[in-house]
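Heads up: the structure comes next, in structure tokens.
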Amino acid sequence: MSFVETQVPRKVRKAVLPVAGLGTRVLPGTKTTPKELLNVVDRPILSYIVEEAREAGIEHIVFVTGRSKGAIEDYFDHQIELEAQLEAKGKTDILAQMNSELARAGEMSFTRQMRPLGLGHAIWCARDVVGDEPFAVLLPDVIVDARPGALSQLIEVYGREGGNVIGVEAVPEAETHKYGIIDPAGEAQGRTRRMKGMVEKPAAGTAPSTLAISGRYVLQPEIFSILETQERGAGGEIQLTDAMARLMKSQPFTAVQYEGATHDCGDKIGLLRANVALALKRADLGVAARRAIEEALAAR
Ligand code: G1P
């Protein structure tokens with residue numbers, strides 16, 4: 001497809017969720033439970049991510065899974081015995097919530113990344129399921145607490161700008177080595193800016209900015225043929241950032257500093273912070289959560 005054709009924004013119907021990661025930063029909790037199914041307050045991280053995708057109008061979710069991730073597929077299916085017991089006990093609220101999370105018929109596909117070769121390779125594993133259309137990527141380590149959701153904000157920009165749209169957030173200079181960092185071109189237009197480059201996990205002192213790729217993307221399908229020939233980069237892995245930097249030579253990329261709070265739940269403190277922040281905001285739990293936190297602090 002030519003550059004001009006990619007300028008006409010086609011609807012973003014599909015989202016890829018790479019869920020093959022091992023969750024080494026939160027072991028041993030992730031030894032037998034996929035990290036994406038760790039609870040934040042009272043539902044799995046993945047439940048927040050799927051909610052964000054659906055809210056953004058995504059019709060089909062492609063999970064790129066790995067070994068020991070079978071529970072993810074089960075989470076979105078019926079649990080007949082449990083449902084029958086909840087029904088018998090009249091626990092209709094939780095039953096309704098569980099039903100709302102079930103996969104709609106044909107809404108979800110599961111494909112496997114059989115070796116941990118990197119995020120770029122994981123996305124490439126979804127190429128045949130996505131096909132020749134623009135698609136979203138949501139990294140399931142990251143919960144973005146935002147209204148509208150972060151992906152909705154990206155898709156709104158995509159509707160105006162076309163091309164590829166990447167969610168970014170400002171990070172301290174000392175932390176740029178942990179992320180993909182973008183090289184912005186020119187001044188910001190509100191919350192968006194054009195990009196002229198990006199680099200995965202730059203060495204200290206070499207980052208082109210302090211704007212980090214945070215885990216939300218709208219990409220054109222041409223990324224797949226680039227990923228096919230992508231060499232290993234940072235950490236010896238096939239990096240999505242490196243492939244995007246190559247695609248940028250022929251297609252525009254826009255960065256969006258979406259409104260909202262980003263929680264990296266793949267990390268011990270990030271997971272704790274997400275639990276605290278989201279519990280404090282809950283109408284049914286906020287007061288009790290605040291009291292529990294204050295009591296814990298006072299007891300130190
Ligand atoms: C991945 C991406 C990186 C991005 C980060 C956000 O890195 O490769 O560009 O900034 O997610 O969390 P990872 O955290 O998997 O090393």
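Worth saying up front: this structure is predicted, and the values here are computed from it rather than measured. Note: hydrogens, waters and symmetry copies are ignored here, and every other heavy atom, side chains too, is used.
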- Which one of Asp42, Asn99, Leu86 satisfies the side-chain contact (heavy atoms from CB on, under 4.5 Å) criterion with Ile94? Leu86

- Message: Could you tell me if the side chain of Val19 sits less than 4.5 Å from the side chain of Pro34, heavy atoms only?
- Response: no

- Which pair of non-hydrogen atoms, one from Leu138 and one from Ala53, has the smallest distance, and what is that distance? CD1-CB, 4.2 Å

- Applying side-chain contact (heavy atoms from CB on, under 4.5 Å) between Tyr217 and each of Asn164, Val165, Leu139, report the one that passes. Leu139

- Message: Using only atom types and a distance under 3.5 Å, with no angle test, would you say the side chain of Ser209 pairs donor to acceptor with the backbone of Ile182?
- Response: yes

- Do Arg147 and Glu259 come close enough that some side-chain heavy atom pair is under 4.5 Å? no

- Going by atom types only, do Arg216 and Gln153 share a side-chain donor-acceptor pair under 3.5 Å? no

- Message: Regarding His121 and Gln113, do their side chains bring together a donor and an acceptor under 3.5 Å, going by distance alone?
- Response: yes

- Are side-chain N/O atoms of Thr254 and Tyr158 paired as donor and acceptor at under 3.5 Å? no

- Between Glu173 and Thr210, does any side-chain donor sit less than 3.5 Å from a side-chain acceptor? no

- Hey, is Asp145 close enough to Lys281 for a salt bridge, meaning N to O under 4.0 Å? yes

- State whether a side-chain donor-acceptor pair under 3.5 Å links Arg25 with Thr30. no

- Task: For residues Val129 and Lys14, report the shortest heavy-atom separation together with the two atoms involved.
- Result: O-NZ, 2.9 Å

- Message: Count I, L, V, M, F, W, Y as connected when their side-chain heavy atoms are under 4.5 Å apart, and connections chain through other members. Are Val26 and Tyr48 then in the same cluster?
- Response: yes

- Message: Within the structure provided, determine whether Leu102 and Phe76 are in side-chain contact (heavy-atom separation under 4.5 Å).
- Response: no

- If you measure from the Lys or Arg side-chain nitrogens to the Asp or Glu carboxylate oxygens, is any gap between Arg13 and Glu133 under 4.0 Å? yes

- Item | Closest non-hydrogen atom pair between Ile72 and Glu36, with its separation | CD1-OE1, 3.8 Å

- Please check if Leu37 and Met98 belong to a single hydrophobic cluster, counting links between Ile, Leu, Val, Met, Phe, Trp and Tyr side chain heavy atoms closer than 4.5 Å. no

- Treat each ILVMFWY residue as a node, draw an edge where side-chain heavy atoms are under 4.5 Å apart, and state whether Met244 and Ile238 are in one component. no

- Task: Go through the steps to decide whether Arg127 and Ser225 satisfy the test side chain to side chain donor-acceptor pair (under 3.5 Å), and finish with yes or no.
- Result: CA-CA 9 Å; Arg127 66 199 178 282; Ser225 55; over 6 Å; no

- Message: Tell me whether Arg193 contacts the main-chain N or O of Val256 through its side chain, where contact means a donor paired with an acceptor under 3.5 Å.
- Response: no

- Message: Testing the basics here: between Pro134 and Pro221, what is the closest heavy-atom pair and its distance to 0.1 Å?
- Response: N-CD, 3.8 Å

- Just by distance, with hydrogens left out, do Tyr75 and Glu101 show a side-chain donor and acceptor under 3.5 Å apart? yes

- Using atom types as modelled and distance alone, determine if a side-chain donor or acceptor of Glu169 lies under 3.5 Å from a backbone N or O of Ile213. no

- Could you tell me whether the side chain of Arg191 and the main chain of Gln257 form a donor-acceptor pair under 3.5 Å? yes

- Query: Should Phe253 and Met198 count as side-chain neighbours, where that means a heavy-atom distance under 4.5 Å?
  - Reply: yes

- Is it the case that one hydrophobic cluster holds both Leu297 and Leu280, taking links as side-chain heavy atoms less than 4.5 Å apart, direct or via other members? yes

- Non-hydrogen side-chain atoms of Ile166 and Leu154 separated by less than 4.5 Å: no

- Task: Verify, without hydrogens or angle tests, whether Lys35 (side chain) and Leu22 (backbone) share a donor-acceptor contact under 3.5 angstrom.
- Result: no

- Does Glu295 pair with Arg291 as a salt bridge, N-O distance under 4.0 Å? no

- Rounded distance [0.5 Å steps], CG in Leu95 versus CG in Leu82: 8.0 Å

- Least distance between heavy atoms, Ile45 atom then Pro140 atom: CG2-O, 3.1 Å

- Message: Quick check: closest heavy atoms across Trp124 and Phe224, and the distance to 0.1 Å?
- Response: CD1-O, 3.3 Å

- Item | Same apolar cluster (I L V M F W Y, side chains within < 4.5 Å links), Val137/Leu227 | yes

- Message: For Leu151, is there any backbone N or O sitting under 3.5 Å from a side-chain donor or acceptor partner on Glu52?
- Response: yes

- Item | Crowding at CD, Glu107 (>12 non-hydrogen neighbours, <6.0 Å) | yes

